[in-house]
There are 2 protein chains.
Amino acid sequence: MTTRSDCEFRDQADPLAPLRDQFALPEATIYLDGNSLGARPKATSERLQHLLEQEWGHDLIQSWNTAGWIHLPHRIGNKIARLVGARDNDLVVADSTSVNLYKVLTAAARIQRARSPQRRVIVSERSNFPTDLYIAEGLCEELGWTLRLLEAEEIEANLGPEVAVLMLTQVNYRTGRMFDMAAMTATAHGAGVLTVWDLAHSAGAVPVDLTGSDADFAIGCGYKYLNGGPGAPAFVWVHPRHAGEFSQPLSGWMGHIAPFEFSPHYRPAEGVARYLCGTPPILAMAALECGVDTVLAAEPYGGMAALRAKSIELTELFAQLVEQRCAGHGLAVVSPGDASQRGSQVCLTRTEGGYAIVQALIARGVIGDFRAGDERTPDILRFGFTPLYTRYVDVWDAVEHLREVMVSDEWQRPEFNRRRAVT
Amino acid sequence: MTTRSDCEFRDQADPLAPLRDQFALPEATIYLDGNSLGARPKATSERLQHLLEQEWGHDLIQSWNTAGWIHLPHRIGNKIARLVGARDNDLVVADSTSVNLYKVLTAAARIQRARSPQRRVIVSERSNFPTDLYIAEGLCEELGWTLRLLEAEEIEANLGPEVAVLMLTQVNYRTGRMFDMAAMTATAHGAGVLTVWDLAHSAGAVPVDLTGSDADFAIGCGYKYLNGGPGAPAFVWVHPRHAGEFSQPLSGWMGHIAPFEFSPHYRPAEGVARYLCGTPPILAMAALECGVDTVLAAEPYGGMAALRAKSIELTELFAQLVEQRCAGHGLAVVSPGDASQRGSQVCLTRTEGGYAIVQALIARGVIGDFRAGDERTPDILRFGFTPLYTRYVDVWDAVEHLREVMVSDEWQRPEFNRRRAVT
């Protein structure tokens with residue numbers, strides 16, 4: 001049986017342990033929701049203060065040049081590129097995940113419309129994150145196309161000659177189940193289908209090899225494992241083979257080949273820069289850069305591979321401790337047991353009481369979240385493990401709190417059963 | 001002749017003078033570029049520090065509820081509504097100006113496609129801000145429509161039965177010339193044409209009466225006269241008569257009627273809330289709110305009407321002083337002399353040297369900007385006057401610097417003639 005001392009020992013022996021000091025984490029909180037909003041890097045405060053006082057406050061409009069604001073989408077993009085296996089200058093930061101998804105889905109649809117006009121179906125996973133489905137649904141309506149939603153295991157057999165685009169989130173937000181990006185892409189390409197990958201729960205959490213996997217388009221989120229702050233700008237990547245061909249509908253001035261010529265006609269910039277649209281929110285961009293830097297800080301320790309190794313240890317420890325210490329309380333692990341098929345989260349389910357159990361944990365300072373099920377999917381108690389700042393002892397303590405909540409029936413208290421408007 | 005003492009006296013007598021103290025302005029700078037990037041409110045630093053340390057750093061994901069992050073698009077939207085004559089809950093903050101323009105143009109196009117499918121032309125002003133033209137150009141390409149660009153004075157006579165949408169920026173970014181929104185909208189409606197207004201150089205600068213003017217759609221910018229910070233989020237407004245009818249293509253989860261139900265199918269929220277798309281950048285939103293508050297702080301002093309009165313005095317003083325003190329140096333005022341047709345800026349032109357003159361002024365701490373002309377339009381030396389923080393004596397001093405630059409031929413120095421990549 002694992003003990004708390006074992007966990008303390010693993011923390012002492014953990015070469016990544018110093019990386020936790022990059023973050024301003026509240027005392028007495030065990031934060032297992034970095035997959036929803038990453039913790040705040042200490043560096044962000046100082047960076048924003050400088051931005052506010054010197055760059056905006058003192059240098060004002062000139063900072064677009066002197067502080068390099070105009071280059072931020074590319075500079076941060078090239079940093080994120082190192083985390084997701086993209087080449088330099090193939091990835092930019094812009095807008096939100098939803099807006100970027102609209103751009104790349106439309107670009108993919110336009111390519112197929114020119115190549116194979118009979119292909120008019122977008123395939124996705126039924127339990128993909130809703131905003132992905134909404135954006136695809138809206139685009140299909142406009143194009144007269146069909147959005148076909150399948151279970152994960154049905155997808156490969158259903159990429160017929162009518163399918164134009166396969167749109168998947170690599171790591172499922174509910175279950176943590178992870179697709180093999182290279183294998184799914186190869187299957188899709190074999191069937192003449194283009195792939196669009198959402199890396200919301202991948203970037204900064206698991207090693208991704210965008211170029212190597214031969215994917216066509218990808219987007220991702222800045223505020224989860226990249227620690228960019230609430231609602232941080234998102235990113236967009238396009239495989240270089242589409243660079244001369246692709247176009248996107250949000251043809252704003254930042255994607256123009258010469259935005260400061262103020263020409264009345266749009267000429268897209270070379271490469272992925274044409275995926276920029278309006279003026280980027282510089283405060284949010286600067287905070288995102290600080291967040292990305294916390295992940296790059298792992299490079300001397302082995303980078304994403306080392307983070308992934310620790311992430312697997314954390315998630316396996318959690319699942320194992322729940323099974324050992326919370327047995328008999330109706331909790332089941334929903335996430336795949338095989339680490340190669342699991343992102344950096346572990347999800348539990350229980351026939352009833354999931355919401356209240358999460359609330360009782362939050363009251364104890366253990367922050368996870370709850371995702372309600374429906375007729376097809378179970379309720380989910382979701383716990384994310386960010387290897388940059390989560391300790392083994394945090395995992396032990398979180399499970400101990402969970403055990404106490406279950407043993408004492410604490411979760412049945414009325415205050416934990418009142419739903420809030422937003423979770 | 002006006003003297004510097006006259007200007008000092010006007011500042012002493014100015015009831016709006018205390019509002020300047022809301023801003024952190026650099027010493028020895030006369031900032032006449034608030035129409036490009038508004039100055040930094042002092043309150044923004046403290047607000048962002050609290051957001052970083054308490055809301056994000058300490059309360060983490062819970063701040064979506066406890067700090068009301070989820071309500072920011074509406075809360076700030078309702079504040080901006082008070083500045084542009086919109087009703088409560090008809091305006092939200094979201095995305096960038098370019099992205100919002102894409103939403104409303106598409107919504108307007110969809111309405112016309114259903115009502116009057118023969119209308120397939122978008123009309124705009126040739127010298128409209130380029131990103132507006134680029135977005136319209138992209139949409140027209142997708143729809144198989146035509147974008148028709150006209151001179152301002154040609155527009156009214158060219159709203160024929162083939163025209164679907166009239167898209168105008170109320171105050172021209174180059175010349176400062178202002179359209180009469182109510183009159184142009186009435187003409188357009190009489191011709192069966194819907195109107196989309198860009199308020200980038202209007203919101204916070206001139207009184208706007210969106211509801212009263214009967215416009216159909218409007219968008220606007222947060223980082224100019226609203227002082228929201230570089231690349232601040234933008235806003236979008238829809239006339240209530242379209243509330244049940246309009247739809248927009250960027251159907252992200254924040255525009256869903258129940259985003260936290262995580263339903264796989266999109267159902268748009270009631271009213272303008274369906275114009276939200278992805279997760280908003282909270283740091284940038286918080287800074288925008290501080291900026292909007294600096295304009296609302298004028299309400300006890302007479303609000304937008306009082307700001308407008310001072311803005312007219314500042315712009316008239318500038319034009320008058322340039323004519324008096326810089327006569328014989330080839331500078332001409334391009335902006336309309338009639339204040340009712342002019343926004344809060346004054347633009348000059350000169351056959352040659354415009355760029356270098358602006359650079360020489362910047363070197364002296366007088367910040368305006370330069371916009372190059374083309375075969376149809378002259379070079380522009382652009383000076384924006386934000387009545388919240390611009391003093392009469394600033395106007396005098398700016399013109400005195402301009403006079404010295406011209407008299408001494410300082411602008412002919414080589415260092416002022418080297419173009420930078422971005423201006």
Side-chain angles (χ1 to χ4, degrees), chain A residues 24 26 31 33 36-37 39-40 44-45 48-49 52-53 56-58 60-61 64-65 69-70 95-99 102 126 130-131 133-135 137-138 142 149 229-233 249-253 256 260 262-266 277-284 287 367 371 420 422-423, chain B residues 24 26 31 33 36-37 39-40 44-45 48-49 52-53 56-58 60-61 64-65 69-70 95-99 102 126 130-131 133-135 137-138 142 149 229-233 249-253 256 260 262-266 277-284 287 367 371 420 422-423:
Chain A
Y31 191 59
D33 213 4
S36 192
L37 172 64
R40 178 173 73 80
T44 309
S45 287
L48 279 184
Q49 194 180 336
L52 289 170
E53 295 187 2
W56 178 16
H58 188 272
L60 288 152
I61 189 71
W64 282 103
N65 284 301
W69 290 350
I70 197 71
D95 298 313
S96 67
T97 312
S98 303
V99 169
Y102 183 79
R126 196 184 315 277
T131 207
L133 301 181
Y134 302 159
I135 291 288
E137 196 179 355
E142 180 66 24
L149 300 184
L250 293 166
S251 44
W253 72 316
H256 193 278
F260 293 95
F262 298 94
S263 142
H265 294 292
Y266 185 72
C277 180
T279 309
I282 297 300
L283 276 60
I367 316 293
R371 294 288 177 256
R420 289 179 303 183
V422 182
T423 55
Chain B
Y31 190 59
D33 212 6
S36 191
L37 172 64
R40 180 173 72 80
T44 309
S45 287
L48 279 184
Q49 194 179 338
L52 288 169
E53 295 188 2
W56 178 16
H58 188 272
L60 287 154
I61 188 71
W64 283 103
N65 284 301
W69 289 349
I70 196 71
D95 298 313
S96 68
T97 312
S98 304
V99 169
Y102 183 79
R126 198 185 314 277
T131 207
L133 302 181
Y134 302 159
I135 291 286
E137 197 179 354
E142 180 65 25
L149 300 184
L250 293 166
S251 44
W253 72 316
H256 194 277
F260 293 93
F262 297 95
S263 143
H265 294 292
Y266 185 71
C277 180
T279 308
I282 297 300
L283 276 61
I367 317 293
R371 293 290 177 256
R420 290 179 303 183
V422 182
T423 56

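These values consider heavy atoms only, across backbone and side chains, with no hydrogens, waters or symmetry-generated copies. Just so we're on the same page: letters track the sequence lines, and every chain starts at 1.
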Peer 1: May I ask you to name which of B:A284, B:A232, B:P264, B:A287 has the most heavy-atom pairs under 4.5 Å with chain A?
Peer 2: B:P264

Peer 1: For chain B, find which of A:L60, A:L48, A:T44 contributes the most heavy-atom pairs closer than 4.5 angstrom.
Peer 2: A:L60

Peer 1: What's the shortest heavy-atom distance between B:W64 and A:G231, and which atoms?
Peer 2: CZ2-N, 4.5 Å

Peer 1: Under 4.5 Å, counting heavy-atom pairs only, tell me which of A:G278, A:S251, A:P280 racks up the most with chain B.
Peer 2: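 Sorted descending by pairs with chain B, the first entry is A:S251.
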
Peer 1: Please state whether the side chain, the backbone, both or neither of B:H256 comes within less than 4.5 Å of a heavy atom of chain A.
Peer 2: side chain

Peer 1: To the nearest 0.5 Å, what is the distance between CD on B:E53 and CZ on A:R40?
Peer 2: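 Rounded to the nearest 0.5 Å, the CD-CZ separation comes out at 5.5 Å.
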
Peer 1: Check whether any side-chain heavy atom of A:H58 sits under 4.5 Å from a side-chain heavy atom of B:P26, and report yes or no.
Peer 2: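 With C-beta onward as the side chain, the pair touches.
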
Peer 1: Any idea which of A:I367, A:L52, A:V99, A:L283 has the most non-hydrogen atom pairs under 4.5 angstrom with chain B?
Peer 2: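 Of the candidates given, the most pairs with chain B belong to A:L52.
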
Peer 1: Under a 4.5 Å cutoff for heavy-atom pairs, which residue among B:S96, B:A24, B:P230 has the most contacts with chain A?
Peer 2: B:P230

Peer 1: Just by distance, do the side chain of B:E137 and the backbone of A:Y266 share a donor-acceptor pair under 3.5 Å?
Peer 2: yes

Peer 1: State, yes or no, whether a side-chain contact exists between B:T97 and A:T279 at a heavy-atom distance under 4.5 Å.
Peer 2: no

Peer 1: Taking all non-hydrogen atoms of both residues, which atom of B:P130 and which atom of A:S263 are closest, and how far apart?
Peer 2: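 For B:P130 versus A:S263, the nearest heavy atoms are CB-O, 3.6 Å.
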
Peer 1: Looking at every non-hydrogen atom in both residues, tell me the closest pair between A:Y102 and B:Y102 and how far apart they are.
Peer 2: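 Heavy-atom minimum between the residues: OH-OH, 2.6 Å.
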
Peer 1: Below 4.5 Å, heavy-atom pairs only: which of B:L37, B:D95, B:L149 has the largest tally toward chain A?
Peer 2: B:L37

Peer 1: CZ/A:F262 to CG/B:L133 distance, rounded to the nearest 0.5 angstrom?
Peer 2: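 Interatomic distance, A:F262 CZ to B:L133 CG, rounded to 0.5 Å: 12.0 Å.
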
Peer 1: For the residue pair B:C277 and A:I135, what are the closest heavy atoms and their distance?
Peer 2: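 Smallest interatomic distance, heavy atoms only, reads SG-CD1, 4.2 Å.
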
Peer 1: What's the shortest heavy-atom distance between A:T131 and B:G252, and which atoms?
Peer 2: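 Scanning both residues, the minimum pair turns out to be OG1-CA, 3.3 Å.
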
